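Structure first, commentary second.
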Amino acid sequence: AQRLQQLSPGIVRAARARAADLPSLDAIAELQRLKVTHVFVHADRFRSLYGDRALSTVDTIGELQLIADEDGIRLYRLK
């Protein structure tokens, strides 16, 4: 939380915009460029927006390591 508070609002908006393109590899590359280290995915919301296939694909991306999954909220470490 401390690090997130130090980021400029523009960087946070850019990271959110790029994350919306998950599970594309372009989105992953842009998040890495922005030095994002972790990504939260709210599974139910993600599924409703992008479908089951997209949600399943997130788990196959080698650059994302699932760290926690609680109540449908998944935390991934971005390698």
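Source: prediction; values computed, not measured.
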Going by the side-chain contact (heavy atoms from CB on, under 4.5 Å) test, name the single residue among Ile67, Thr37, Ile61, Leu66 that passes it with Tyr76. Leu66

Are the side chains of Glu63 and Leu78 in touch, meaning some heavy atoms are under 4.5 Å apart? yes

Separation between NE2 of His38 and CG of Leu64, rounded to the nearest 0.5 Å: 11.0 Å

Would you check if Arg47 and Arg45 make a side-chain contact, meaning some heavy-atom pair closer than 4.5 Å? no

Nearest 0.5 Å please: distance from the CG atom of Asp52 over to the CZ atom of Phe46. 11.0 Å

In Å, rounded to the nearest 0.5 Å, how long is the span from CZ of Phe40 to CD1 of Ile73? 8.0 Å

Rounded to the nearest 0.5 Å, how far does CG of Leu75 lie from CD of Gln65? 10.0 Å

Can you confirm whether Asp59 sits close enough to Arg74 that some side-chain heavy atom of one is under 4.5 Å from a side-chain heavy atom of the other? yes

Could you tell me which non-hydrogen atom of Val36 sits nearest to which non-hydrogen atom of Val39, and how far apart they are? CG1-CG2, 4.2 Å

